[in-house]
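Below, chains carry the letters A, B, ... as their sequence lines are ordered, and counting in each starts from 1.
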Amino acid sequence: MPELPEVEVVRRGLASWVAGRTIASAEVLHPRAVRRNAGELPDQLKGRTILSAERRGKYLWLPLHDSAADDARGVSGDAAEPPVAAEALLAHLGMSGQLLMVEPLAPLEKHLRVRLGFTDGGPDLRFVDQRTFGHLLVAPMVHMSPRSVPEPITHIAADPLESAFDDAEFANRLRRRHTGIKRALLDQSLISGVGNIYADEALWRARLHWARPTETLSRPAIAELLSAVREVMSEALGQGGTSFDSLYVNVNGESGYFDRSLAVYGRRDEPCPRCGTAVRREAFMNRSSYSCPKCQPTPRNARP
DNA sequence: CGTTTTACCTGGTGGC
DNA sequence: TGCCACCAGGTAAAAC
C-alpha cells in the first residue's frame with residue numbers, strides 16, 4: 001500500500017523527529033523484520049546519530065553519523081565540512097509497515113517488530129508491520145553520481161519526483177521493452193515509487209489501458225504518462241497520502257485522505273469521474289487492475 | 001538474457 | 001459458531 005507519496009510523508013515526519021538524535025537502544029521483536037542482517041542490527045545502531053532522512057522510490061534511509069571517521073579528521077574537525085555517512089539504516093515498508101514516533105512508556109503495539117530508543121529519552125522510533133513484508137537493515141552507502149544510495153538499492157531506478165530522473169532515457173528504455181505498460185510502471189528498476197494504486201490512477205489520467213504494449217507508445221504519449229504520474233503523486237502528497245484502512249499512517253499514526261480523490265482504483269462498478277461509464281476490474285498478475293472501459297479501451301494487441 | 005511466475009505473510013471478509 | 005477459500009500486494013528469487 002505505501003507507495004511514493006506515502007513513503008515521502010513518512011520521510012518528512014522522520015526528518016523532523018529523528019534527525020540529530022542519537023540511538024541508545026535497539027530491540028528486535030521479530031527476526032523477519034531484519035532478515036537481511038539478522039542479529040547484528042542492535043550493535044550496528046547503538047551510539048549512532050541519525051543525520052537526516054532520505055528517500056528513493058518506496059525506500060527510505062537514515063544516514064548514520066560515522067564517529068570513527070570523525071575521529072580520524074581530528075576532534076577539532078572542520079566545521080565547514082558536513083559529516084559524510086558511510087552507512088545508513090535502510091527501510092522498506094512493504095505492504096503494511098509503519099514507522100511511528102511513540103512515547104517510550106506507551107504500550108507495545110501488537111505487531112511491533114523493531115524498537116529504537118534515543119539517548120535524549122524522547123519518543124521511540126517503532127517499526128510496526130502486520131504482514132511482515134517490510135524490513136530494516138544497516139547498509140553501506142555507495143557513492144554514485146549524482147547521489148549516494150545504500151548498497152542494497154543500487155538497482156532501484158530514480159523516481160519521477162527526483163531531479164536525477166531522466167525523462168528521455170526512460171522513454172528510450174520503455175520503448176525497448178516487450179511487455180505491458182503497467183508491468184513496466186511497476187518495475188522498480190525502470191521507474192521507482194509507482195505501485196498498483198498510482199499505476200492505475202496515472203494510466204486513467206493518461207487514457208491508456210494497462211495492457212498496452214510498451215513498444216507501441218509514442219514519445220508524446222510517454223511524456224503525458226509521466227506527467228500524469230507526477231500529477232497524481234503530487235496531489236496525493238498534498239493530501240497526506242492514500243489509505244483505505246488504518247494500515248498506512250504517518251509517523252504520528254494519522255491517515256491521509258487521498259483515497260477520496262481516486263478515480264478508478266478500488267471503484268469497481270462506480271462511475272468514471274470523466275465519462276460516467278462503470279469502472280471495470282480485471283485480473284492482472286494475480287491481483288487487480290481498475291480502468292474505465294470507455295476512456296481506456298482494451299488495445300487489440302493487449303499484452304497482459 | 002529478457003520476461004513471467006511464484007513464495008513470502010497476516011487479518012478481514014463472505015460463503016456454507 | 002467454526003471452518004475455509006479468497007483477497008490485499010512489493011520484492012526477490014526461481015522458472016520459463
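Annotation: salt bridge (charged side-chain N to carboxylate O under 4.0 Å, His left out) contacts of A/Arg12 (sequence neighbours excluded): A/Glu8. The side chain to side chain donor-acceptor pair (under 3.5 Å) test applied to A/Arg115 returns A/Asp124, not counting sequence neighbours. For A/Asp167, the salt bridge (charged side-chain N to carboxylate O under 4.0 Å, His left out) partners two or more places apart in sequence, or in a different chain, are A/Arg230. By the ring-ring contact (aromatic ring centres under 6.0 Å, His included) test, A/Phe170 is found to be paired with A/Phe165, residues two or more places apart in sequence or in another chain being considered. For A/Arg267, the salt bridge (charged side-chain N to carboxylate O under 4.0 Å, His left out) partners two or more places apart in sequence, or in a different chain, are A/Glu270. In this structure, A/Trp204 has no ring-ring contact (aromatic ring centres under 6.0 Å, His included) partners at least two apart in sequence or on a different chain. A/His92 pairs by the ring-ring contact (aromatic ring centres under 6.0 Å, His included) definition with A/Tyr59, not counting sequence neighbours.
At the heavy-atom level, A/Arg281 lies under 4.0 Å from the strands shown only through sugar-phosphate atoms.
Residues A/Cys272 and A/Gln296 fail the side-chain proximity criterion, which asks for heavy atoms closer than 4.5 Å. The shortest side-chain heavy-atom distance between A/Trp17 and A/Leu125 does not fall under the 4.5 Å cut-off.
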How does each nucleotide of nucleotides 11-16 of chain C score, in 5' to 3' order, for protein heavy atoms under 4.0 Å: base (B), sugar-phosphate only (S), or none (-)? SS----

Solution key, residues 149-161 of chain A side-chain donor-acceptor pairs under 3.5 Å, sequence neighbours excluded:
unit_1, atom_1, unit_2, atom_2, d
A/Thr154, OG1, A/Glu151, O, 3.3
A/His155, ND1, A/Pro152, O, 3.3
A/Asp159, OD1, A/Leu161, N, 2.9
A/Asp159, OD1, A/Glu162, N, 3.1
A/Asp159, OD2, A/Arg55, NH1, 3.0
A/Asp159, OD2, A/Gly57, N, 2.9

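A side chain to side chain donor-acceptor pair (under 3.5 Å) with A/Asp187 holds for exactly one of A/Arg173, A/Lys182, A/Arg177; it is A/Arg177.
Judged by closest nucleotide on DNA chain B, A/Pro304 is the one of A/Lys110 and A/Pro304 placed further toward the 5' end.
Taking all atoms of both residues into account, the shortest heavy-atom contact from A/Arg219 to A/Ala171 is NH1-CB, 4.1 Å.
Rounded to a whole Å, the CG atom of A/Asn286 is 10 Å from the P atom of C/dA8.
When the shell of 6.0 Å around CG of A/Asn286 is examined, it contains 12 or fewer heavy atoms from other residues, nucleotides or ligands.
A heavy-atom distance below 4.0 Å to DNA chain B is reached by these residues of residues 167-179 of chain A, ordered by number: A/Arg177, A/His178, A/Thr179.
Where DNA chain B meets chain A (any atom under 4.0 Å from a heavy atom), the bounding nucleotides read 5' to 3' are B/dT3 to B/dG11.
Recorded end-axis angle for the helix from B/dG2-C/dC16 to B/dC16-C/dG2 stands at 50°, based on five pairs per end and rounded to 10 degrees.
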